[in-house]
Protein chains: 2
Amino acid sequence: MKKIPVKPFWWRNKIYIIDQRLLPKKEVILKLESAKDVYNAIKEMKIRGAPLIGCIAAYGVVVSFLENKKFSNERLKDKINQDINFLRTSRPTAYNLFYALKRMEKIVSDWDKKNKEKLFKKLLKEAESIYKEDLSACYKIGIYGNKLIKNNMSILTHCNAGGLATTGFGTALAPIYIAKQKGKNIHVYVDETRPVLQGARLTAWELEKNRIPYTIISDNMAGYLMSKKKIDIVIVGADRIAKNGDTANKIGTYSLAVLASFHKIPFYVAAPISTFDFNIENGAEIPIEERNEDEIKKINGEYICPKDARVFNPAFDVTPNYLITGFITEKGILKHNEIKNLGG
Amino acid sequence: MKKIPVKPFWWRNKIYIIDQRLLPKKEVILKLESAKDVYNAIKEMKIRGAPLIGCIAAYGVVVSFLENKKFSNERLKDKINQDINFLRTSRPTAYNLFYALKRMEKIVSDWDKKNKEKLFKKLLKEAESIYKEDLSACYKIGIYGNKLIKNNMSILTHCNAGGLATTGFGTALAPIYIAKQKGKNIHVYVDETRPVLQGARLTAWELEKNRIPYTIISDNMAGYLMSKKKIDIVIVGADRIAKNGDTANKIGTYSLAVLASFHKIPFYVAAPISTFDFNIENGAEIPIEERNEDEIKKINGEYICPKDARVFNPAFDVTPNYLITGFITEKGILKHNEIKNLGG
């Protein structure tokens with residue numbers, strides 16, 4: 001495997017993360033040493049991005065073990081299960097969170113409550129597997145997605161579905177990293193992505209680090225660029241994909257998909273299988289998180305509107321399957337009616 | 001005529017404006033005492049909005065007279081004409097600027113260079129006419145547009161096409177003010193409108209002052225709201241409308257029009273006749289201003305992205321006539337193929 005573009009976290013008996021809220025201004029490393037630390041890191045978006053949330057939550061269960069190993073085996077098991085349920089409530093939409101915690105829960109549930117060290121090893125191994133599987137899946141997404149990117153193409157992306165949102169390769173950005181490694185001449189248009197500005201802050205930061213030419217635009221400029229034939233393809237990530245292919249992703253994705261369809265521009269969703277929720281038939285069943293008003297009302301701590309203004313702040317929207325040209329996964333590029341073949 | 005919702009400027013031997021860059025945090029009054037002051041106020045967006053730009057430019061010619069009346073009649077005339085040409089370069093897109101300056105230029109050109117006092121009175125009278133005509137036109141836009149607004153409707157608007165963008169009644173907001181005065185129960189969704197945030201800052205401020213219920217959203221949330229059937233009608237303003245109805249307005253308007261069309265939601269442009277450019281056949285002939293990068297890169301003086309990031313910052317886009325349900329003008333609500341009947 002090639003060089004990993006970004007390392008958003010690492011494990012050394014605790015979880016070390018880059019505090020993504022402070023990028024690109026400051027690169028601050030935080031330690032997560034308790035399930036509560038992990039919960040807060042996810043809830044407050046110190047880390048974000050569906051695959052990374054899943055991976056950090058998995059290591060969060062290892063952290064929970066370390067925090068609670070002083071207790072009896074019986075109590076330890078209860079404590080860890082409590083923490084797993086607690087971590088499940090950190091954010092509602094990203095499916096990888098539930099996917100990863102279910103796998104960790106299985107390890108706990110299979111434990112015979114005899115040997116603590118054995119449980120620790122199994123938990124750590126499972127978290128590492130989730131990490132490695134994501135790294136490998138994202139790399140393959142890059143390899144498959146690269147086939148869609150021709151020389152001199154301009155790619156539009158939304159939010160951050162890059163290394164920072166995953167274990168390092170990204171989902172939507174993985175094909176871009178691979179295309180760059182293959183020597184293709186490409187240009188990335190980056191939606192700034194209000195309100196949290198993950199595009200302007202995070203995608204720009206990691207493209208800059210990887211020397212990939214990019215231009216930031218306000219979200220409302222995408223249609224104009226499309227009308228001027230400046231966009232050849234749109235690639236976005238996903239927070240949860242239903243069995244029929246309806247896709248929850250960062251707010252604004254749906255508008256982009258409608259605009260791409262209107263301009264006959266291919267619109268792709270890049271995501272590992274861990275983002276597919278095979279328990280739900282369609283997007284209507286995906287819970288959409290509404291976040292606090294100050295995310296919109298304040299930027300860099302200052303109000304941008306009247307203090308008493310009401311705002312509406314859904315963090316995600318759902319793009320219906322028929323607006324999605326294809327899904328770039330580690331198993332290849334699929335149409336929405338092929339998702340069921342993934343098994344799940 | 002009813003109470004004017006907002007007074008964005010007044011004349012008392014000089015031009016007094018509210019510095020719109022500082023709203024809603026501070027209400028600072030500035031005096032404009034030279035053509036250069038007026039040029040800078042327009043260029044730096046201390047005042048903005050096509051009808052207001054036109055009106056302030058007209059008074060700017062009166063200011064030019066006062067600044068230059070010490071010169072000989074011959075020189076005075078030259079000086080004023082120079083200032084008129086200078087003011088024409090303050091911003092390229094809003095047609096009202098050119099409309100108003102052409103009228104003021106005619107007064108200067110008709111002057112027989114004999115009596116300075118006579119020229120002053122005529123210039124002032126013409127500026128006042130432009131002011132009063134806009135006030136009356138916007139009020140009528142409100143009366144006609146109000147017919148489109150039924151009780152319990154939710155209206156989406158973009159940028160600020162309110163009192164602050166005009167002589168006080170607004171274009172897109174005029175129907176909303178009239179509907180409110182008629183006792184209708186309405187709700188306004190306000191696009192924050194990146195990069196300059198005229199929606200979050202200015203539209204919210206004036207709706208708050210006029211006690212009209214509103215909710216601010218990020219620009220990228222409009223499609224989601226439409227898909228949830230939360231928007232009954234979209235009304236926006238205009239900076240320049242071509243003979244065929246193609247309409248330049250704040251960047252993002254085009255995306256909204258595509259989204260409205262996709263969701264079968266009526267999409268109206270509200271503008272006085274002074275915004276119609278009868279010299280151009282279609283939108284391809286409208287010059288689109290690109291503004292400086294820091295408008296996107298900094299908010300409240302702080303970078304929101306890597307300092308060296310490249311950005312693209314077109315201030316406007318052009319919405320093609322076929323995406324516009326109708327034009328709300330002081331002569332009634334027109335279809336795009338009826339614009340030619342306005343004469344021009």
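Computed from a predicted structure; not experimentally measured.
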Novice: Step through the atoms of chain B and chain A and list each donor-acceptor pair whose separation is under 3.5 Å.
Specialist:
| from | atom 1 | to | atom 2 | distance (Å) |
| --- | --- | --- | --- | --- |
| B:Lys25 | NZ | A:Glu302 | OE1 | 2.3 |
| B:Glu192 | OE1 | A:Arg194 | NE | 3.3 |
| B:Glu192 | OE1 | A:Arg194 | NH2 | 2.6 |
| B:Glu192 | OE2 | A:Arg194 | NE | 2.7 |
| B:Arg194 | O | A:Asn220 | ND2 | 2.9 |
| B:Arg194 | NE | A:Glu192 | OE1 | 3.3 |
| B:Arg194 | NE | A:Glu192 | OE2 | 2.7 |
| B:Arg194 | NH2 | A:Glu192 | OE1 | 2.6 |
| B:Ile216 | N | A:Arg310 | O | 2.8 |
| B:Ile216 | O | A:Phe312 | N | 3.1 |
| B:Asp219 | OD2 | A:Asn220 | ND2 | 3.0 |
| B:Asn220 | O | A:Gly252 | N | 3.4 |
| B:Asn220 | ND2 | A:Arg194 | O | 2.9 |
| B:Asn220 | ND2 | A:Asp219 | OD2 | 3.0 |
| B:Gly223 | N | A:Ser255 | OG | 3.4 |
| B:Gly252 | N | A:Asn220 | O | 3.4 |
| B:Tyr254 | OH | A:His263 | NE2 | 2.5 |
| B:Ser255 | OG | A:Gly223 | N | 3.4 |
| B:His263 | NE2 | A:Tyr254 | OH | 2.5 |
| B:Glu302 | OE1 | A:Lys25 | NZ | 2.3 |
| B:Arg310 | O | A:Ile216 | N | 2.8 |
| B:Phe312 | N | A:Ile216 | O | 3.2 |

Novice: Looking only at heavy atoms and a cut-off of under 4.5 Å, which of A:Leu259, A:Leu207, A:Ile288 has the most pairs with chain B?
Specialist: A:Leu259
Novice: Counting heavy-atom pairs under 4.5 Å to chain B, which of A:Ile304, A:Leu256, A:Ile296 comes out on top?
Specialist: A:Ile304
Novice: Who among A:Val190, A:Val311, A:Leu197, A:Ile251 has the most heavy-atom pairs with chain B under 4.5 Å?
Specialist: A:Ile251
Novice: Name the region of B:Leu225, side chain, backbone, both or neither, that has any atom closer than 4.5 Å to a heavy atom of chain A.
Specialist: side chain
Novice: Which one wins on heavy-atom pair count under 4.5 Å against chain B: A:Ile299, A:Ile217, A:Leu202?
Specialist: A:Ile299
Novice: Please determine, among B:Ile216, B:Val258, B:Val318, the option with the most heavy-atom pairs under 4.5 Å with chain A.
Specialist: B:Ile216
Novice: Considering only heavy atoms, which portion of B:Pro320 lies under 4.5 Å from any heavy atom of chain A: side chain, backbone, both, or neither?
Specialist: neither
Novice: Minimum heavy-atom separation for A:Cys305 and B:Ala200, please, with both atom names.
Specialist: CB-O, 3.2 Å
Novice: Below 4.5 Å from any heavy atom of chain B, which atoms of A:Leu23 appear? Answer side chain, backbone, both or neither.
Specialist: neither
Novice: Relative to chain A, which of B:Ala204, B:Ala222, B:Ala309 shows the most heavy atom pairs under 4.5 Å?
Specialist: B:Ala309
